[in-house]
Amino acid sequence: MVAYFGINAMKFGVLNFPGSNCAEDCFHVLDKVVNQPTRYFWHQETNTTDLDAIVVPGGFSYGDYLRPGAIARFAPAMDALKEFVEKGKLVIGICNGFQILTEAGLLPGSLIKNKSVKFLCQDQTIRVENAKTPFTQKFHKHELLMTPIAHNEGNYYIDDEGLAELEAHHQIIFRYASQDGTVDDSTNPNGSVSNIAGICNKSFNVLGMMPHPERNAESLLGNAQGIKVFESMILSFTNSGN
Amino acid sequence: MKPLWKEAGLTQKEYDLLLQHLGREPNPTETALYGVMWSEHCGYKNTRPLFKNFPTTGPRILQGPGENAGIVDIDDDQVITFKVESHNHPSAIAPFQGAATGVGGIIRDILAMGAKPIGVLNSLHFATPKGKGHTKWLISEVIRGIGDYGNCIGIPTIGGEVRFAETYRGNPLVNAMCVGLMNKSEIQTASAEGPGNSLMIVGNLTGRDGIGGASFASKELDETNQEDRGAVQVGDPFMEKLLIDACLEVFAKDFVVGVQDMGAAGIISSTSETASKAGNGVEIDVSLVPTREAGMSPAEIMISESQERMLLIVKQGREDEVNAIFHKWDLHAVVIGNVTNDGFLRVKEGDVTVAEIPAASLTDAPIICRVGKVPDYLSKTQSFDESSVSLPDDMNATLQKLVSSPNIASRRWVYRQYDHMVQTNTVVRPGGNTGVLRIKGTQKAVTFSTDANGRYCYLNPKEGSKIVIAEAARNHIASGALPIAVTDGLNFGNPEKPEIFYQLEQSILGISEACRVLDTPIISGNASLYNETPDQGAIYPTPVIGMAGLIKNVEHITTKPFKRAGDVVFQVGDFSNEIGASEYLEVIHGKISGDVPKIELALEKRTQDFVLNAIQKSIINSATDIGDGGLAIALTECLYETKFGASIEIPESSYRLDALLFGEAQSRFLLSVAPDNMKTFQSYAEQSNIPISKLGIVNSSGNLRVRYQGESVIEQDVTTLESMNEATFPEMMR
Amino acid sequence: MIKASVTVMLKKAIFDPQGMAVKHGLDSIGFKNIDDVRVGRQIIIQIDSNDFGHAEEEVKEMCDKLLANPVVESWSHTLELMQ
Amino acid sequence: MIKASVTVMLKKAIFDPQGMAVKHGLDSIGFKNIDDVRVGRQIIIQIDSNDFGHAEEEVKEMCDKLLANPVVESWSHTLELMQ
Ligand SMILES: Nc1ncnc2c1ncn2[C@@H]1O[C@H](COP(=O)(O)OP(=O)(O)O)[C@@H](O)[C@H]1O
Ligand SMILES: [Mg+2]
């Protein structure tokens with residue numbers, strides 16, 4: 001627990017792999033926008049004792065050569081990350097971070113090439129499906145937010161059985177939607193099964209999402225709705241009595 | 001058999017000069033080194049005499065042409081650095097790899113200045129695809145290549161352009177621009193200072209790939225070039241990302257005295273340039289260069305264009321510390337030689353000296369002074385009679401056709417393939433007047449654009465080129481920015497032909513004059529000549545203008561779309577009766593002819609100052625310039641992505657209706673102003689002696705209505721126009 | 001030296017967007033009699049060894065650990081001796 | 001039905017950054033005896049025909065026109081009958 005600006009703040013680590021090009025963006029939001037103590041967590045590092053939460057940022061770790069996340073998952077930091085998760089601490093994987101978490105088996109399913117076979121960068125409406133998680137408690141259920149996506153492999157795949165399990169445990173956190181909240185094929189930008197944009201693990205301390213909440217955390221850049229993801233994490237930390 | 005020097009691309013005169021420099025016959029390695037360094041691509045033999053015309057200084061300009069990129073002061077001890085570069089020929093034969101490595105190359109120029117790259121842009125020129133053939137593949141591969149590199153490396157692609165004309169069918173243009181940001185104290189120079197200091201090569205291994213790229217770029221494209229395969233390389237954006245991260249970490253320490261990227265002609269060019277800049281010599285041992293393949297000859301090692309490499313000149317004794325930082329990033333930094341004080345470039349292979357050349361002679365390619373001749377076609381196109389063109393019956397249909405024509409249609413299909421938001425600075429994304437980046441930790445923003453208009457420059461090389469500069473500047477003004485500097489990419493045909501040389505010379509004169517009047521000095525640039533094919537001849541003369549602007553307060557950032565129903569729409573500037581050289585004349589009447597619209601630079605400057613001041617007074621709600629497709633197209637663009645409509649009345653005049661609607665009269669803007677601010681705006685215009693016309697009102701009808709002389713001439717549903725505008729690219733590229 | 005050729009494909013049950021795009025591309029240039037296209041990766045590895053048994057095991061391990069993602073991909077391979 | 005398997009690889013003389021990265025990846029998880037890795041594409045095409053001669057020609061044309069860029073890539077293929 002760290003005192004920061006006089007309050008008990010949450011210490012964030014931003015996992016930095018070679019090629020993680022959104023690490024600085026996440027750092028900026030955590031440090032300058034939600035004002036939490038933040039440090040980089042280098043891929044060769046293994047000590048997480050000072051951290052309360054870890055962000056696995058977007059980008060192209062190891063160039064995404066071979067397969068996004070495939071090489072990153074063997075980094076020493078990933079073993080530490082697994083222990084961190086077992087302790088119940090919060091981990092959020094954004095874009096490439098989501099891909100890495102699925103490759104590492106911390107989240108089910110996999111992300112394959114977009115249906116269009118093209119990189120896709122645009123604003124995208126997503127709908128909050130479960131507002132009772134440590135990552136979404138500042139939203140209300142079915143709240144819509146406009147959050148940028150930017151990916152080549154964001155097409156979430158899971159088999160029917162896995163999907164049923166996700167549904168049963170309310171692990172689907174975000175779905176791609178239209179601006180008026182419709183969720184169907186026409187509002188699915190990349191072909192994801194069931195319009196899935198973000199999921200949690202069963203214990204709800206690991207979130208993976210393709211959209212980039214750090215890109216809509218300041219109103220100058222469009223809107224600041226994404227900031228609530230980070231604020232939810234901080235709230236859950238404060239509420240947990242830390 | 002041809003003598004070796006001829007094989008190396010040298011002329012008899014050049015060879016004689018070489019003999020003077022050396023005072024003896026060169027050996028084959030030396031001949032090869034001169035060959036690449038004195039190619040047009042490296043030596044700027046044809047263009048250097050013309051560059052004298054460029055204005056290159058100003059209170060904000062800290063570095064003009066001559067370094068890897070120019071530097072502009074943006075206050076608070078911060079500077080930006082930027083440059084444009086062409087990769088036309090590699091992209092023509094291997095579009096994905098050619099475009100990708102083009103982006104990679106220009107990023108390294110910015111990195112070599114010591115800056116963090118914060119944005120890339122591109123300027124692409126193609127023919128329109130016919131069916132499913134080659135051109136469609138070429139376009140999609142170029143765009144994929146640009147996206148792939150920029151996306152992976154984490155630099156947002158914040159702007160650019162795609163333009164179509166038949167002239168680019170066999171010879172597409174792929175120009176890329178990169179922008180960097182740093183503090184003044186972080187500026188690096190490409191100079192090999194301090195005899196005894198070490199030359200270190202960092203990044204990728206050196207291979208046989210790309211050998212002869214520089215001379216390849218200095219040739220016309222024909223069938224046999226298809227065999228110039230070594231000239232094509234595969235980009236490695238991941239390696240470049242590591243290179244950026246590692247270099248910036250090293251630069252922050254006090255270990256490095258000089259930096260040079262390795263672009264065309266690789267080691268030979270980077271070492272000889274840094275040496276001659278410092279007035280020093282260098283000694284290189286090629287056997288120390290880490291290579292990818294065995295058995296490379298010294299000449300091959302020296303001229304290889306393997307990508308993602310940099311040359312650092314490192315203080316003696318600091319080599320291990322530099323290497324340790326690179327090691328952290330899984331890279332190596334290897335000493336390949338050192339700075340000497342004798343002015344010679346000495347290449348050794350172990351103990352054996354294989355080349356010994358005065359370094360300055362390599363970088364001082366003999367200038368070729370040519371004389372231009374007015375091309376024949378100009379007398380025909382200039383005598384074009386506009387009155388022979390009849391007015392279209394239906395302006396609605398005309399507008400629809402223009403809205404969906406390839407040069408005017410929405411480019412969303414293109415830029416959604418580029419990550420334009422990474423680094424979280426992009427306030428105005430592609431599709432706006434300029435790409436606008438905020439600067440974290442300040443109130444400032446910077447604006448960037450690339451602009452070209454091949455048809456204008458073809459129909460009037462000098463005046464057309466002026467317009468390209470003016471038009472570029474208008475985009476910045478409309479964004480709320482003061483235009484501050486320019487980088488130019490000169491894409492022309494074979495300068496050995498007098499008509500082409502005329503185009504080049506006139507274009508440079510036009511650019512120079514416009515930059516002088518508009519106070520946007522030229523800080524860097526690139527020339528790509530020999531853009532010709534045997535079938536089609538030369539491309540349109542196509543100078544690509546990259547421009548930067550500065551916004552002191554992010555609150556002044558202004559965008560195109562109308563903001564509120566009830567706002568009043570104004571045109572700044574005057575209508576004219578001109579339709580020559582316009583998009584309208586080409587798309588609707590199939591004519592590429594006439595003269596370009598008249599441009600008066602002093603009026604242009606006053607108009608721009610007026611609009612920027614009005615924006616800074618916070619009385620303007622939206623702004624755009626009036627360019628391709630004229631007023632009607634500008635109006636549609638202000639309505640897209642809004643739920644508004646507009647009711648417009650064009651003021652009485654004696655001009656043709658098509659000129660009023662679609663003509664491209666210069667020095668114009670389209671603004672919207674809140675009713676409360678209207679008086680202030682009008683009296684400010686009067687004070688400034690700038691012509692404005694009140695055109696109408698923004699409303700919530702969702703329709704664009706234009707009336708002239710009491711009659712409706714356009715009545716269109718905006719949603720329909722917008723879907724037509726959006727449909728063109730997806731359909732063309734399906 | 002042994003050359004291992006590993007082919008990694010998306011599992012049959014999974015829709016293959018790249019395959020679809022290639023099929024569409026082939027169709028549009030006139031190849032109408034194509035039923036299905038699948039696109040995968042080919043990875044060619046030169047192993048510094050002449051022991052096929054050992055190489056076989058190594059390749060299997062490489063595939064399971066790194067070269068293929070078992071959630072969505074399947075792989076096959078061949079080995080041959082290089083001169 | 002004929003199944004055509006097309007392998008497209010970067011030409012030997014051209015540097016393959018992907019292959020290099022995979023080699024590094026394999027190295028970092030303990031495979032130290034690897035000399036070289038190249039990564040290419042595998043394209044599996046089901047052709048609605050039983051005429052091998054014709055299929056052969058078609059595949060060649062597909063490769064030259066769409067599946068590979070002869071400036072940087074080379075390709076090879078096999079055909080087999082499917083049941
Ligand atoms: N058209 C031009 N306008 C202004 N400067 C130019 C132009 N062409 C080249 N230069 C300048 O000449 C120098 C050499 O250019 P170039 O060989 O393209 O550089 P590099 O090798 O760093 O890519 C640079 O400083 C560049 O900015
Ligand atoms: Mg340079």
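Since the model is a prediction, treat every value here as computed from it, not as a measurement.
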Nearest 0.5 Å please: distance from the OG atom of D/Ser76 over to the CD atom of C/Gln42.
-> 8.0 Å

Inspect the surroundings of NE2 in C/His77 and state if more than 12 heavy atoms from other residues, nucleotides or ligands are less than 6.0 Å away.
-> yes

Looking at D/Ile44, D/Ile2, D/Val37, D/Val39, which one has more heavy-atom pairs under 4.5 Å with chain C than the rest?
-> D/Ile44

Taking atom CD1 of C/Ile34 and atom CD1 of D/Ile47, what is their separation to the nearest 0.5 Å?
-> 6.0 Å

Looking only at D/Thr7, D/Val6, D/Val8, the option with the highest number of non-hydrogen pairs under 4.5 Å against chain C is D/Thr7

Of all of D/Gln18, D/Lys23, D/Lys32, D/Glu58, which one pairs up most often with chain C through heavy atoms under 4.5 Å apart?
-> D/Glu58

Least distance between heavy atoms, C/Ser49 atom then D/Asn33 atom = CB-ND2, 4.3 Å

Roughly how far, to the nearest 0.5 Å, is the CD atom of C/Glu61 from the CD1 atom of D/Ile29?
-> 7.5 Å

Answer with side chain, backbone, both or neither: which region of D/Leu67 has an atom nearer than 4.5 Å to a non-hydrogen atom of chain C?
-> side chain

D/Lys60 atom NZ: more than 12 heavy-atom contacts under 6.0 Å = no

Value rounded to 0.5 Å, distance of CG in D/Asp35 from CD in C/Gln46 | 6.0 Å

